[in-house]
Protein chains: 2
Amino acid sequence: MTTLKEVAKLANVHPSVVSRVLNKDNTLNIKEETRTRINEAINELNYSPNSAARSLKTNQSRMIGMAIPDFNNPVYSSIIHGAEDHAAMEGYHLLVYSMKQKGLGKDFFSKLLKERIDGLLIATSDINNKHILSLNETKKPFVLVNRMIQDVENYVILDDERGGKLATKHLIDLGHRHIAHITGPLYTGTALKRFQGYREMLQEKNIPFEVKYVQESDYTMEGGYQSMEKLLELDSPPTAIFAANVMVAMGAIKAIHDNGFQVPADFSVIGIHDVFFASGLSPSLTTVDMPLYEMGSRAVAQLINAISERKLKFPGETIDGANLIPRESTRSLLDE
Amino acid sequence: MTTLKEVAKLANVHPSVVSRVLNKDNTLNIKEETRTRINEAINELNYSPNSAARSLKTNQSRMIGMAIPDFNNPVYSSIIHGAEDHAAMEGYHLLVYSMKQKGLGKDFFSKLLKERIDGLLIATSDINNKHILSLNETKKPFVLVNRMIQDVENYVILDDERGGKLATKHLIDLGHRHIAHITGPLYTGTALKRFQGYREMLQEKNIPFEVKYVQESDYTMEGGYQSMEKLLELDSPPTAIFAANVMVAMGAIKAIHDNGFQVPADFSVIGIHDVFFASGLSPSLTTVDMPLYEMGSRAVAQLINAISERKLKFPGETIDGANLIPRESTRSLLDE
DNA sequence: TTGTAGGCGTTATCAG
DNA sequence: CTGATAACGCCTACAA
């Protein structure tokens, strides 16, 4: 490995000058000629700075951590993608940890924050609130992604309420009046807000809200399946189902099929998040596309900003934007 | 941040002793009493070593890089999961980079290898062979995961041939005799070996191989759709389709439906890789489960071994194990 | 505009 | 068994 010293020797200058050129320290003046000489030496020796030495000196690693529940979740894949892009753009590296990782101690993230990374994105609810608050002791910034907890302002979230409204509106526009909602776990902000959006849209359109049409699930396929079975047992079942996410929607569709019905002939189904395989399902799934990529990107932007400004707090941010992606799983009752 | 020095002061020993305790250097003897005194001090001050300083001194970052094509690919999610677990077990951190990342320069990985990481897992074919060979100049080890190229022995791959055989055998066992295969891109080792497995199993069972039943795809849903349409146009279409992966299978099923046929009533479909949503499809998809997790785990094991042994080469490894997961998308022709 | 010197927090090699 | 010392590669006042 070539070092800064060797570059300096080849360029016939003192190491510190090389360092200044490297760091593009604009306040300092460097003769154009020496600058080019140094750059030539850098290229000739194919030099790149040792990041450990830099970190040691500057006390910054230019790495940020990210905690996600599971790599096998396409929602988080999109968030990661946005986060990775923005991090790369700012010269940062992203260290992603899934909560499924074996041997994840309780103080894992505070240790990580202390010894390796400059900041942390928390995009999972598997870390409990006490542990999150204890991260404050590390004096390094963190950002909650797609979730909120009390007394923490540093969050970046989506407009899930709007997502819920859009989904519900689509079904209403198609002529449905008996619309069920299979929610996510109602202790999560996302599920709650989608539910609120559902209620608001019903009210806006003067459609009575009926408790029997609401089933709480756990955001899983199995949960969606069970919830749908309960809806099918009703005396007057709904004609359309708004599923809180795509896994729930898949479970619901499975239950519908298993009970001898068809989608969308007998039931229309819509889900939140336009994951990559939504169009490949049979029937293809109508979804509401949420700006997950942007959320990841913005979260990193906020975090890097906090790092460079040495601020531990910033006002929470909600990412606007939610788009209906109509496909085959929903159908109109109007032109019959 | 507390440092080793402060710990030393509190424990009334010289810093170097603390360092020895920290590194569990068994060759050196340390009085039991001082050891406990030091450990107490460590706990009291909540000390954890500065990894930058360590890296600088030892020239090891305890981080390994991993290049994947895309986070939105459940196959790689499983590989990452295995890699992450094993890395954590050995005290390493995993830095995952997708090739979809913006601003990924051609020398990205060699730079990364030079300045930050101790080794690299290459699980993508987006890096061309020249660049891979040029990584040798960094004198740090790398491992090809799920792929092979000429003149590189350091690979960890699956027994894709066995996967292809299992899939084909399943269809034959169900009584099918006209079995099509929608391959992946045949310049990839995985696609080629699945194809070979298909041919071998046909031969084993004395079923004639017919070229018209083979369609090459690009491992995508669209590719699967188009390939299936061609198969449907045949004078005597197959009764079963072995799809090289799940995305292809989904595309094929979509084409079948769009042409007014049913799965499995009219066509049986099987795909490789038991991704998390296979059971949620309608009909649920019969698959061959491949040991992706193990592949990730073994690849990291090999890499870490190469790092600690300071070897740049090791013999390639093939991970055994492939399991049929029968579901609704394949049906027997025998009991009719 | 460039050179000098000190130190970031560790570890490794000595000597005691 | 423990202490002293130098060095890893870089950055940053400060001096020239």
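Values below: all heavy atoms of this structure, side chains included; hydrogens, waters and symmetry mates excluded. Here is the naming used below: chain letters follow the sequence lines, and residue numbers restart at 1 for every chain.
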Contact under 4.0 Å: A:N23 side-chain N or O vs D:dC11 OP1/OP2 = yes
remark   = Heavy-atom nearest nucleotide on DNA chain D taken for B:V13 and for A:T58; more 5' hit belongs to B:V13
key: Listed nucleotide nearest any side-chain atom of B:T3, set D:dT2, C:dG9, C:dG3   = C:dG9
ask   = Starting at CG of B:L45 and ending at P of C:dG9, how long is that distance when rounded to a whole Å?
value = 14 Å
query = Taking CG from B:N50 and P from C:dT10, how many angstroms apart are they, rounded to a whole number?
reply = 5 Å
Close N/O contacts between protein and nucleotides 5-7 of chain C (under 3.5 Å):
| unit_1 | atom_1 | unit_2 | atom_2 | d |
| --- | --- | --- | --- | --- |
| C:dG6 | N2 | A:K57 | NZ | 3.3 |
| C:dG7 | N2 | A:K57 | NZ | 2.9 |
| C:dG7 | N3 | A:K57 | NZ | 3.2 |

task = Give me the bend of the helix from C:dT1-D:dA16 to C:dG16-D:dC1, using the axes of the five pairs at each end, rounded to 10°.
result = 40°
message = Just checking B:E137: does its CD atom have more than 12 heavy atoms from other residues, nucleotides or ligands closer to it than 6.0 angstrom?
response = no
request  = Mark yes or no for whether B:T124, through its side chain, and B:A67, through its backbone, hold a donor-acceptor pair below 3.5 Å.
outcome  = no
ask   = How is A:P15 classified with respect to the nucleic acid when contacts are heavy atoms under 4.0 Å: base, sugar-phosphate, or nothing?
value = nothing
query = Taking only residues two or more places apart in sequence, or in another chain, which ones meet B:R298 in a salt bridge (charged side-chain N to carboxylate O under 4.0 Å, His left out)?
reply = B:E317
key: Partner residues of B:E32 under the salt bridge (charged side-chain N to carboxylate O under 4.0 Å, His left out) criterion, sequence neighbours left out   = B:R35
request  = Kindly point out which of D:dT12, D:dT2, C:dT1 is positioned nearest to the side chain of B:I30?
outcome  = D:dT2
ask   = Expressed in angstrom and rounded to an integer, what is the separation of A:R116 atom CZ from C:dG9 atom C1'?
value = 14 Å
Candidates D:dG9, D:dT2, D:dC10 - which lies nearest the side chain of B:L56 = D:dG9
task = Mind listing the closest non-hydrogen atom pair of B:A53 and A:L56 along with its distance?
result = CB-CD1, 3.6 Å
note = A:E32 atom CD is separated from C:dT1 atom C1', nearest whole Å, by 13 Å
query = Rounding to a whole Å, what distance do you find between A:E6:CD and D:dC8:P?
reply = 11 Å
message = As a test of reading the structure: which of D:dT2, D:dA13, C:dT10 is closest to the side chain of A:R20, going by heavy atoms?
response = D:dA13
query = Does B:K102 have any side-chain hydrogen bond (donor to acceptor under 3.5 Å, both in side chains) partners at least two apart in sequence or in another chain, and if so, which?
reply = A:Y293
request  = Give a yes/no answer on whether the side chain of A:T34 brings an N or O atom under 4.0 Å of OP1 or OP2 in C:dT1.
outcome  = no
key: Gap between atoms CG and P, on A:N59 and D:dC10 respectively (whole Å)   = 18 Å
key: Point-to-point distance, once rounded to the nearest 0.5 Å, from OH of B:Y47 to CE of B:M1   = 11.5 Å
request  = Using whole Å, report how far NZ of B:K5 lies from P of C:dT10.
outcome  = 10 Å
ring-ring contact (aromatic ring centres under 6.0 Å, His included) partners for B:F314, two or more places apart = none
task = Verify the neighbour count for atom CG of B:N59: are there more than 12 heavy atoms of other residues, nucleotides or ligands below 6.0 Å?
result = no
request  = Report which part of the nucleic acid B:S19 touches: base, sugar-phosphate, or nothing (heavy-atom distance under 4.0 Å, all strands).
outcome  = base
message = Under a 4.0 Å threshold between the charged nitrogen and the carboxylate oxygen, would A:E115 count as salt-bridged to A:K111?
response = no
inquiry  = Could you tell me how far apart B:K9 (NZ) and C:dG9 (P) are, to the nearest whole angstrom?
reply    = 12 Å
